[in-house]
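Encoded as structure tokens, the structure appears first; notes follow it.
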Amino acid sequence: MKITALVENKSACELAAVHGLSLYIETEEHKLLFDLGPDQTLLKNAEKRGIDLTKVDTVVISHGHFDHGGALDAFLKMNHTAKIYVQRKAFEKHFSKSLGFVKVPIGLDRQLENHHQVVLVEGEQRLDRELLLFTVTDTAKFYSAANDTLYDEKGRDSFAHEQNLMIFAEKNVLVMGCGHCGVVNILERAAEYRPEVCIGGYHLTIPALKRTVPEEILEGIAGELRQYDMDFYTCHCTGEKAFEYLAKRVDRMRYFACGDELLL
């Protein structure tokens with residue numbers, strides 16, 4: 001398996017950085033994208049790396065925020081065969097609100113909900129022998145206050161629209177987008193699938209304010225992660241301060257920046 005970060009907040013290479021996430025993953029049976037980033041950055045960075053996005057057969061959109069699915073329309077205009085798996089609730093309206101300001105729409109393009117390539121998922125779904133999508137309902141442990149700025153039409157976002165990906169291979173890999181439901185809760189839910197690698201964001205920083213969650217939350221998360229015999233690659237909404245704190249306390253924690261590649 002090979003995983004390449006095509007969209008991420010940081011870059012130390014020829015690829016452009018932007019706030020968002022897109023991972024290109026090659027397995028024995030698939031060429032897939034986990035998330036699409038917010039804009040044309042995905043397409044430009046893929047071209048720089050010689051990755052042909054028309055050959056992608058599967059797309060998983062982790063949740064209904066534009067920094068993870070904003071490039072969906074552009075992708076569908078160039079790839080006419082891939083199936084796009086997204087939770088049905090992801091196409092509901094989603095907003096961001098901070099410092100008492102008005103709610104800013106941050107959702108997906110609702111006109112694409114009924115596109116023939118889009119597959120609307122409700123809860124857990126096994127795609128094939130390699131791929132499994134699952135959701136998390138218990139979000140009690142080490143809740144991130146960075147979620148408090150995020151809303152849906154009913155009020156504070158419950159993140160029922162968030163899904164995670166398990167890839168079953170020589171090393172089982174857990175992939176998450178923002179981990180809004182909490183990395184600890186997601187890991188507990190995924191334990192039955194025996195992941196050996198975890199990659200994705202933990203949403204421990206409010207992007208607009210660059211404010212990191214309290215230290216006691218970070219310490220609690222670090223304590224939980226140390227219990228797993230697992231390699232952790234985090235990125236995107238975890239935030240640099242939160243990453244540095246966790247990396248000092250979790251031995252197998254690395255940052256996965258734009259352009260980075262992981263061979264498994």
Side-chain angles (χ1 to χ4, degrees), residues 1-8 14-16 18-94 105-135 161-169 173 175-178 199-200 236 258-259 261-262:
M1 190 188 312
K2 181 178 180 180
I3 304 174
T4 305
L6 287 181
V7 177
E8 206 276 324
E14 80 281 11
L15 302 190
V18 67
H19 179 84
L21 184 66
S22 181
L23 305 176
Y24 174 70
I25 306 173
E26 292 185 347
T27 70
E28 286 188 5
E29 299 183 5
H30 292 285
K31 293 182 178 179
L32 69 93
L33 284 169
F34 184 89
D35 285 337
L36 299 168
D39 52 27
Q40 299 280 331
T41 302
L42 167 64
L43 280 61
K44 295 175 182 177
N45 283 348
E47 184 176 4
K48 289 179 181 178
R49 283 293 170 95
I51 295 173
D52 185 356
L53 296 182
T54 67
K55 303 298 185 183
V56 168
D57 57 80
T58 303
V59 175
V60 173
I61 297 180
S62 62
H63 61 295
H65 292 167
F66 79 93
D67 54 328
H68 295 259
L72 178 56
D73 185 50
F75 177 82
L76 289 170
K77 286 177 179 176
M78 67 180 301
N79 184 309
H80 307 295
T81 57
K83 290 185 177 180
I84 320 296
Y85 293 92
V86 57
Q87 288 288 315
R88 185 179 298 276
K89 291 180 179 292
F91 279 102
E92 296 177 355
K93 293 182 179 180
H94 300 283
I106 59 169
L108 304 178
D109 185 346
R110 303 185 78 184
Q111 296 183 51
L112 301 175
E113 181 177 5
N114 297 314
H115 192 282
H116 70 275
Q117 287 173 248
V118 172
V119 180
L120 299 177
V121 181
E122 295 191 46
E124 182 173 315
Q125 182 165 323
R126 184 84 187 216
L127 305 186
D128 54 37
R129 74 176 189 89
E130 279 194 337
L131 307 178
L132 170 79
L133 302 174
F134 71 93
T135 57
H161 57 101
E162 183 177 69
Q163 62 184 358
N164 309 279
L165 173 66
M166 276 299 309
I167 305 174
F168 299 98
V173 178
V175 190
M176 63 181 76
C178 277
I199 183 168
H236 182 44
C258 190
E261 297 178 348
L262 177 61

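Note: hydrogens, waters and symmetry copies are ignored here, and every other heavy atom, side chains too, is used.
Every side chain to side chain donor-acceptor pair (under 3.5 Å) that Glu29 has, sequence neighbours left out, goes to Arg129. Judged as a side-chain contact (heavy atoms from CB on, under 4.5 Å), and not counting sequence neighbours, the contacts of Ala74 are Gln40, Leu43. Shown here are the salt bridge (charged side-chain N to carboxylate O under 4.0 Å, His left out) partners of Lys93, two or more places apart in sequence or in another chain: there are none. Residues satisfying the side chain to side chain donor-acceptor pair (under 3.5 Å) criterion with Glu8, sequence neighbours excluded, are Tyr255. Thr27 pairs by the side chain to side chain donor-acceptor pair (under 3.5 Å) definition with Glu130, not counting sequence neighbours. Taking Tyr24 as the reference, nothing meets the ring-ring contact (aromatic ring centres under 6.0 Å, His included) condition, with sequence neighbours excluded. For Glu14, the side chain to side chain donor-acceptor pair (under 3.5 Å) test picks out Arg49, with sequence neighbours left out. Considering only residues two or more places apart in sequence or on other chains, Ala71 meets the side-chain contact (heavy atoms from CB on, under 4.5 Å) condition with Leu36.
Evaluated for a side chain to side chain contact (heavy atoms under 4.5 Å, CB included) with Val175, the options Val60, Ile167, Leu32 yield exactly one hit, Ile167.
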Discussion item. Between His236 and His19, does the side chain to side chain contact (heavy atoms under 4.5 Å, CB included) criterion hold? Intermediate values first, please.
Written reply: CA-CA 7 Å; His236 182 44; His19 179 84; 3.6 Å; yes

Practice prompt. In sequence, state the C-alpha distance, the side-chain angles, and the governing distance for Phe168 and Arg126, and then conclude on side chain to side chain contact (heavy atoms under 4.5 Å, CB included).
Written response: CA-CA 11 Å; Phe168 299 98; Arg126 184 84 187 216; 3.6 Å; yes

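Judged purely by distance below 3.5 Å, without hydrogens or angles, the side chains of Ser22 and Asp35 never pair a donor atom with an acceptor atom. His94 and His63 share no side-chain donor-acceptor pair at under 3.5 Å.
Using a cut-off of 4.0 Å between Lys/Arg side-chain N and Asp/Glu carboxylate O, Glu122 and Arg88 are scored as salt-bridged.
Sorted by first and then second residue, the salt bridge (charged side-chain N to carboxylate O under 4.0 Å, His left out) pairs involving residues 51-70 (not counting sequence neighbours) form an empty list. Sorted by first then second residue, the side chain to side chain donor-acceptor pair (under 3.5 Å) pairs that include residues 108-118, not counting sequence neighbours, number zero. Within the structure, the salt bridge (charged side-chain N to carboxylate O under 4.0 Å, His left out) test picks out no pair touching residues 36-47 (sequence neighbours left out).
Inter-residue side-chain proximity for Leu53 and Leu33 is flagged as met; some heavy-atom pair is nearer than 4.5 Å.
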